[in-house]
Structure formats: structure tokens, C-alpha cells
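What follows is a single structure, written as C-alpha cells, with notes after it.
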Amino acid sequence: MLGSIVLTIGCLFGLASATPRPNPDSYARELYQFPNETFIENVAVLSDGRLLLNTFDDGQIFILDPSSPEPEPHALVKIPGINQLTGIAQVKHNVFAVSGGVAGADYIFVNGSALIATVDLNHVGGSAVVEIVAKIPNTMMLNGMVALPHAPHIVLSADSINGRIFRTNTMTGDVDIAFRHDLIGPGPDPQIVPLGANGLEIYNGYLYFTNSNLQFFARVSISLQGYASGEIEEIYRLPPGQFNAFDDFSMTHQGTAYIGSQRDSLVMITPDGHLKTLLGPESQVKLLSPTSVALTKDEKTAYVVTGGLNGLGGQVVQVRLGCV
Ligand SMILES: *[C@@H]1O[C@H](CO)[C@@H](O)[C@H](O)[C@H]1NC(C)=O
Ligand SMILES: *[C@@H]1O[C@H](CO)[C@@H](O)[C@H](O)[C@H]1NC(C)=O
């Protein structure tokens, strides 16, 4: 009993609440919101706990320390030649690959502008060193990105428009297509964002992905080199008549996925395909277009980032998963 009271209090943010039972938002807290229309598209956790934020703010990557009493983003580096950053994946200790392009209409890159860069944070003095490692000529989108567990210098990227998974070697710059499938591309529903595969993660030999327009979460077995070696298996599909669209996500070592669900929710999907909403339109902390989720190394905390909405800027929200 005492243990559970202590746990409850430990899950409350800020001053102790007057209500004895945990309120549904006691586990979520907004750490920061941009004062302008900066759209945060993705997030990664550094080994020291700080966060890298990929934005549509002229290709800027910001860095934010969530442990600071008043967390504030600092502009870390701008990727030259592009203005939208999408995927992010760690390829080496303190080295991250990012993808992006020049904004076209409707979340689509200008054809031929897509590229992958590495951002190396191992340099003394804290400066980030950027290298453009590959240009991908014939695509209008590189969305979520994941590094291969057995060859992390190789990353997979989702082409949400043309239904392909690109495979890029960040050391040599070689790019090929790991596989293509209609279920990687968007469906025909005009009421939902026209993007297919969005977030990517690899767990236990499977590539997991969300498909925004087709509104499902699925997996496909892949080889150690990242090529598809089986059929796509759907794990969860939103019921008909719901207009949510799954965006980027993160998975725990138990195979549970935490997914940003457009336009207002954070959901979890268990390995057996059950969905639970952790934050939604009724929550005290309102998510304004949640775009991605990253977990801390201990998997006790999730950071949700958002794109902002109706003139309000993107947010960084901390969620204590042990308390949900
Ligand atoms: C938006 O706000 C951030 C944080 O204050 C700032 O660094 C960035 O330059 C701003 N962007 C624009 C386009 O003004
Ligand atoms: C995109 O550019 C490539 C050349 O890099 C061209 O072959 C392709 O047809 C273009 N696609 C579209 C849809 O314009």
C-alpha cells in the first residue's frame, strides 16, 4: 500500500496534487513549445539524455536538455541545401543519420532534392559536423528511418509516396531499394494525409512500420542486410470511420510500440495487437499534431514531439511510461 502511494506521488509532475488518485495526465508534461510555427518532425535521444529535434525550420536540428529546469532548444546545425528534415537514426556512437529534402506541396519533397546526411557529435567543443552522404534522385519522400541492428551504418528509409524502402550505406553513399510493395505506399483515401509508410523500427528480425493513409501498423521479416524476406503482416488497423493517421514511433525491448497518432494522440500497441490511447483530445496536455516518439535507454520515459497546429508551435512532451 505504502509502495503504491509512493509510486503514485513519484508519477506526479510538479507540486503534489490535491486529488489522491492519479489523474490521467499525471504522467505527461509539456517540456517546451516553440514560440513560432516551427514544426518538429522527429526526435532522437543522445547517450547523455539530451534530445535532437529534426524540424521543418529551414533544415535546422535543435538540441534540448530535458533534465534542465526550463528546457530550451538550441540551434545545433543546419543541413545545407534542404529545408525539411524527416528521419533520424543513430549510426554510430553520437553520430546520427538524418534525411530530408526541399519542401514541395502536401508534405512531398521537390523531386530530386532528397538527401541523407550524417551529423557527428563526437567533436570536442560540442560542434556538430555535417556530411552529406547520399543524394536520392528519383523520390519525393524519405520519411521514417531506421539503422540495421547488425550493420548500423546502413539505414532504411520509407518512401511514403512511391511505396519503396530505400537502403542507404552511410559510409559509401550507395543507395538501393530494399523492397517495394503497394502496402508501403498510400491508399486512395483523400480524407487522410496522402502518405503511406511513415515510421520504421526493427525488432527481432522484423521491420515494423506505420502506414498513415492506410491507417495500419504492420511488420515484415527482413534479412540481416535489410531486404524483405517474407510477407507484410498487419498487426493493428484503425476501425473504419476514424480519421487518425499513425506517424513515427518507437519500440521497447518487449516489442510494444509507442506511436504518435495524428492529429492529437499518443497510442501504444502491444505485440498481440491491442491499442491503448495514452494521451488524446481529452487529456490535459494537448498534443498538436504528434509526429514522433523516442524512448530513453531505460524505456521508462517517452518523448513525444509535435508539429504544432493553427499557428501554435511544435512541442516536446515528456511521458512517464511507468505511470500510465
Ligand atoms: C523559432 O524559434 C526558435 C526558438 O526561439 C528560434 O531558434 C528560431 O530561429 C525561430 N525560427 C524562426 C523562423 O524565427
Ligand atoms: C523525378 O526525377 C527523375 C530524374 O531524377 C525522373 O526520372 C522522374 O521521372 C521524376 N519523377 C517525377 C514524378 O517527376
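For the side chain to side chain donor-acceptor pair (under 3.5 Å) condition, the pairs that include at least one residue of residues 135-149, sequence neighbours left out, are T139-D159, N143-S160, N143-N198.
Residues Q33 and Q315 have side chains that never bring a donor and an acceptor to within less than 3.5 angstrom of each other. A donor and an acceptor atom, one from each side chain of D57 and T38, are located under 3.5 Å apart.
The closest donor-acceptor contact from the side chain of E299 to the backbone of H253 lies under 3.5 Å. The main-chain N or O of F96 is never found under 3.5 Å from a side-chain atom of T118 such that the two would form a donor-acceptor pair. Panel note: side chain D248, backbone V293; no donor-acceptor pair is recorded below 3.5 Å. For E131 (side chain) and V133 (main-chain N/O), no donor-acceptor pair under 3.5 Å exists by modelled atom type. S283 contributes no side-chain N or O that, together with a main-chain N or O of V285, makes up a donor-acceptor pair within less than 3.5 Å. Side chain of N54 to backbone of T86: a donor-acceptor contact under 3.5 angstrom is found.
Ion pairing between K78 and D58 holds under the 4.0 Å rule for side-chain N and carboxylate O.
Expressed to the nearest 0.5 Å, how far OG of S261 lies from CG of N244 amounts to 3.5 Å. One finds the OH atom of Y32 at 13.0 Å from the CG atom of L51 (value rounded to the nearest 0.5 Å). Taking OG from S221 and CD from E231, the interatomic distance works out to 9.0 Å, rounded to the nearest 0.5 Å. With rounding to the nearest 0.5 Å, the separation of CG in L278 from OG in S265 is 9.5 Å. Interatomic distance, CG of L321 versus OG1 of T252, reported as 9.0 Å (0.5 Å rounding).
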Exercise. Dump the intermediate steps for side chain to side chain contact (heavy atoms under 4.5 Å, CB included) on I79 and L115, then the final yes or no.
Key: CA-CA 10 Å; I79 308 296; L115 59 77; 4.1 Å; yes
Practice problem: Evaluate the criterion salt bridge (charged side-chain N to carboxylate O under 4.0 Å, His left out) for residue pair D176 and R167; output intermediate values, then yes/no. | Solution: CA-CA 5 Å; D176 65 350; R167 183 178 172 281; 3.4 Å; yes
Practice problem: Go through the steps for V155 and V146 under the test side chain to side chain contact (heavy atoms under 4.5 Å, CB included), then give the verdict. | Solution: CA-CA 5 Å; V155 296; V146 65; over 6 Å; no
Quiz prompt | Evaluation steps, side chain to side chain donor-acceptor pair (under 3.5 Å), between S289 and T306 | solution = CA-CA 5 Å; S289 300; T306 76; over 6 Å; no
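Just one of D174, T170, T168 meets the side chain to side chain donor-acceptor pair (under 3.5 Å) condition when paired with T172; it is D174.
Cluster partners of Y208, by chain and number: Y203, Y206, F217, I235, Y236, L238, F246, F249, M251, I259, V267, I269, L275. The rule joins Ile, Leu, Val, Met, Phe, Trp and Tyr whenever side-chain heavy atoms lie under 4.5 Å apart. Annotation for L288: hydrophobic cluster partners, listed by chain and number, are L309, L312 (ILVMFWY side-chain heavy atoms under 4.5 Å, direct or chained).
Using cut-offs of 30° and 60° on the angle between ring planes, the pair F56 and Y107 is tilted.
The two residues A128 and V119 have their closest heavy-atom pair at CB-CG1, 3.8 Å. Listed here is the closest heavy atom pair of G230 and V220: O-CG2, 3.5 Å.
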